Amino acid sequence: MPRHKTLVDIGQRVMKRLQLLKLEVEEDFIVYVIHLLARDSRRGLLKTDLNKPTACALNSFVDMVVDTYVSPTDCTMINAKMAWVMKKGLTIDLQYVKNQYEEKFHQELELLIKDILQYPETCSKIQLDQLFAKMQVFIVACYHLGSPKNHVLLKLTAQALNSVIGRSDLQNYVLKKKYHRLEYLQRLAATVGGIVIYNNDGPDGDRDNVRSVVNDLEMAQKNTETAFAASMEKANGVRNICQALLEELVTIDSMAETISYKVPLEHMDRLNQFSLTYCMLHRCLTTLNSNYQTTAYLIEVELKRYNCVVAKINETLSMRTAIESELIFPHFVYIAQVWGNLNNFLHHIVELNKLREQLEALVVDDLVTMTKNTIAELQALNKRIKTPKVVTFDERMNAVKGLKTDGNFCNLAKADIKEFCGLFMTMTNGLLMPAKVIRKLCSNMDITFGFRDPQFARFAELRFEHFIVAFRSAVFNSANLALLFKLDDELIRQELQDLIIEPPKQMDSGNQTEMVVTNDLSPSNWINVTWNVWDYHRETIKLANMRNHQTHDSQTKISYGTRNAQNQTYNTREHM
């Protein structure tokens with residue numbers, strides 16, 4: 001396709017320009033950005049330009065992509081980078097973080113485990129002492145009890161290990177087969193780790209030398225909640241200021257179905273860019289915070305289990321002086337498992353904070369200053385212009401109706417568009433205004449639209465066909481709105497689906513066609529012949545001759561040409 005070929009050429013030119021600037025750029029991201037910006041109604045390229053590109057248009061577009069990528073204050077590129085962080089941020093998933101950390105952890109412990117399992121059956125006293133010391137390090141590292149170099153922690157671990165396994169048991173351990181020794185080592189580490197965790201639980205625990213994941217989680221949760229609240233409050237404050245001014249600059253008469261404004265809409269779009277960026281930041285932070293709240297709930301449940309098993313151990317130890325290991329050791333193993341789960345939750349909180357910091361770093365502080373300056377400029381311009389421009393709803397919708405797009409109405413079902421007024425967005429070609437009324441205008445699709453007031457909703461309902469065409473053009477031809485409503489992947493997928501070449505449903509066989517059978521009476525061809533008793537006799541004789549001539553060497557069905565006889569037979573008679 002000429003369009004796709006042009007986009008590939010643009011991507012290669014942009015990559016070369018960025019490499020000359022000595023910037024480390026992800027090529028997939030550049031391709032992603034180019035596909036989005038090419039369809040943008042303000043800064044993109046029309047399809048006619050891509051099918052028959054001119055050198056001037058392509059050069060201007062390449063320059064624009066490079067300049068926006070380098071600029072830290074270009075709102076569209078910031079939005080694309082934030083969307084890319086959320087797409088590539090696999091650590092937002094708790095299970096992914098757990099698998100990654102455990103895999104990395106096992107790789108680091110693999111050398112130590114091999115070292116422990118290498119001891120021979122005839123170990124000397126010195127070798128047993130070395131084995132005992134390595135087991136201590138393994139237990140400390142396996143359950144993140146603290147630094148394996150801390151001699152106080154190792155001493156506490158040695159005391160717990162001595163209460164579980166003695167010298168004779170250690171000698172018996174090396175007499176086991178290696179796969180039995182590994183299983184026993186893991187079970188032993190869980191038991192001893194649980195004992196160390198239990199001994200340091202409560203006010204008398206050694207907080208200086210033994211790590212407490214419960215306290216770490218409490219501090220991490222407090223800091224994370226504070227950071228998310230501050231970032232979301234800042235983003236929400238800036239976008240509210242922008243949207244409030246846009247609502248002030250545009251006067252809407254719902255009864256007369258007209259809008260009037262002094263400041264041109266293109267000037268208002270400069271402020272709307274900042275509003276879009278902070279809306280995008282707020283939505284990304286909301287997604288991260290939602291995942292954090294899920295993890296916080298799991299932490300709460302796991303802490304209840306932790307407290308429950310500690311209380312169970314306390315109850316068991318208070319009733320007896322001598323307790324059988326089969327009765328108490330499973331509790332220590334369980335507390336060690338809960339401890340490991342809490343560590344995984346802590347890792348997830350750390351990764352979520354890393355993603356939050358990446359998003360915050362993209363939205364630089366200069367954007368706030370630029371937003372305030374733009375607000376002052378628009379307010380001054382609004383005072384200078386005396387006569388407002390008055391247009392009807394239909395006139396404004398017709399202005400964007402002519403924009404072509406390959407995005408269809410059904411894609412909107414996947415987008416969260418109810419937060420903003422759909423009619424205002426359509427009439428102003430993408431300006432955001434908060435919605436106060438929520439309506440479903442189409443009974444066939446589960447799509448919820450937002451509107452400024454009931455009169456807006458009523459107009460869109462009565463003029464639905466006209467409204468949805470204009471709304472679709474406004475949303476799908478704006479890179480910022482596609483990113484905000486998470487329609488970017490769907491639009492790019494639709495654009496590339498025409499390049500998929502379907503495999504042929506039938507393929508020619510490369511084998512030699514077998515001999516033509518004049519009167520094949522197989523079931524597949526039975527209906528295509530005229531049957532009589534002499535045909536039956538001839539077919540029987542032919543099969544008998546073939547049976548007599550068969551061999552047991554390399555003269556197989558392949559060389560005889562009957563491998564695909566069921567679909568290589570030719571009929572000699574035609575029937576009406």
Side-chain angles (χ1 to χ4, degrees), residues 7-8 10-15 17-19 21 23-45 50 60-90 92 231 235 238-239 242 269-270 272-288 355-364 366-367 370-371 405-407 411 414-417 420 430 432 474-496:
L7 291 175
V8 172
I10 291 173
Q12 294 174 351
R13 293 174 60 181
V14 171
M15 285 298 299
R17 291 275 301 275
L18 294 175
Q19 288 172 358
L21 296 174
L23 296 175
E24 295 183 2
V25 185
E26 192 173 352
E27 186 174 359
D28 291 341
F29 174 71
I30 296 299
V31 174
Y32 168 76
V33 169
I34 288 173
H35 276 83
L36 283 178
L37 291 180
R39 66 174 64 250
D40 190 79
S41 60
R42 290 183 172 88
R43 297 196 290 180
L45 295 169
L50 291 173
S60 299
F61 184 74
V62 170
D63 293 339
M64 183 272 296
V65 174
V66 175
D67 293 340
T68 54
Y69 184 86
V70 175
S71 174
T73 57
D74 184 82
C75 293
T76 305
M77 188 59 67
I78 292 174
N79 295 341
K81 289 179 179 178
M82 284 194 288
W84 194 254
V85 168
M86 297 300 291
K87 292 178 191 300
K88 297 300 179 180
L90 299 177
I92 195 174
S231 297
V238 176
R239 74 169 185 177
C242 296
D269 185 66
R270 292 166 47 206
N272 192 60
Q273 297 294 318
F274 301 113
S275 176
L276 279 161
T277 297
Y278 282 99
C279 285
M280 184 78 179
L281 175 61
H282 191 273
R283 286 200 166 189
C284 292
L285 291 175
T286 301
T287 302
L288 294 180
L355 291 176
R356 175 186 56 79
E357 291 172 356
Q358 289 184 41
L359 295 173
E360 292 174 348
L362 292 174
V363 184
V364 295
D366 292 343
L367 282 182
M370 295 173 65
T371 302
T405 177
D406 50 5
N411 298 142
K414 303 177 182 179
D416 185 11
I417 56 179
F420 308 102
L432 300 183
V475 171
F476 291 137
N477 286 285
S478 172
N480 286 315
L481 293 179
L483 290 167
L484 180 64
F485 298 140
K486 298 181 181 179
L487 296 168
D488 45 349
D489 288 337
E490 186 65 23
L491 289 175
I492 295 175
R493 186 189 65 80
Q494 285 190 355
E495 182 174 303
L496 297 180

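All values derive from a computational prediction rather than experimental measurement.
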(Q) A cation-pi test, strictly: NZ or CZ of Lys88 under 6.0 Å from the centre of the six-membered ring of Phe29 and no more than 45 degrees from its axis. Yes or no? (A) no
Q) Given the rule in the side-chain contact (heavy atoms from CB on, under 4.5 Å) test, do Arg39 and His35 qualify, once you have shown the distances and angles that lead to the verdict? A) CA-CA 7 Å; Arg39 66 174 64 250; His35 276 83; 6.0 Å; no
Under 3.5 Å, side chain of [X] to main-chain N/O of [Y], donor-acceptor pair present?
X	Y	answer
Thr286	His282	yes
Ser478	Ala474	no
Asn477	Ser41	no
Asp488	Leu36	no

Q.
For Thr76 and Asn480, which I'm curious about, is there any donor-acceptor pair between the side chains at under 3.5 Å?
A. yes
Q. Does the salt bridge (Lys or Arg N to Asp or Glu O under 4.0 Å) test come out yes or no for Asp269 and Arg42, once each step is laid out?
A. CA-CA 10 Å; Asp269 185 66; Arg42 290 183 172 88; 3.4 Å; yes
Q: Assess whether side-chain contact (heavy atoms from CB on, under 4.5 Å) is satisfied between Thr68 and Arg43, documenting all intermediate values.
A: CA-CA 11 Å; Thr68 54; Arg43 297 196 290 180; 3.4 Å; yes
Q.
Using the rule given for side-chain contact (heavy atoms from CB on, under 4.5 Å), can you reason through Leu276 versus Leu483, listing the C-alpha separation, both sets of side-chain angles and the distance that settles it, and then say yes or no?
A. CA-CA 10 Å; Leu276 279 161; Leu483 290 167; over 6 Å; no
Q.
Is there a side-chain contact between Ile92 and Thr287 in this structure, where contact means two heavy atoms from C-beta onward sitting under 4.5 Å apart?
A. yes
Q. Does any non-hydrogen side-chain atom of Lys81 lie less than 4.5 Å from one of Val33?
A. no
**Q.** With Leu487, the side chain to side chain contact (heavy atoms under 4.5 Å, CB included) member among Ile417, Leu481, Val475, Ile492
**A.** Val475
Q. Does atom CD of Glu27 have more than 12 heavy-atom neighbours from other groups under 6.0 Å away?
A. no
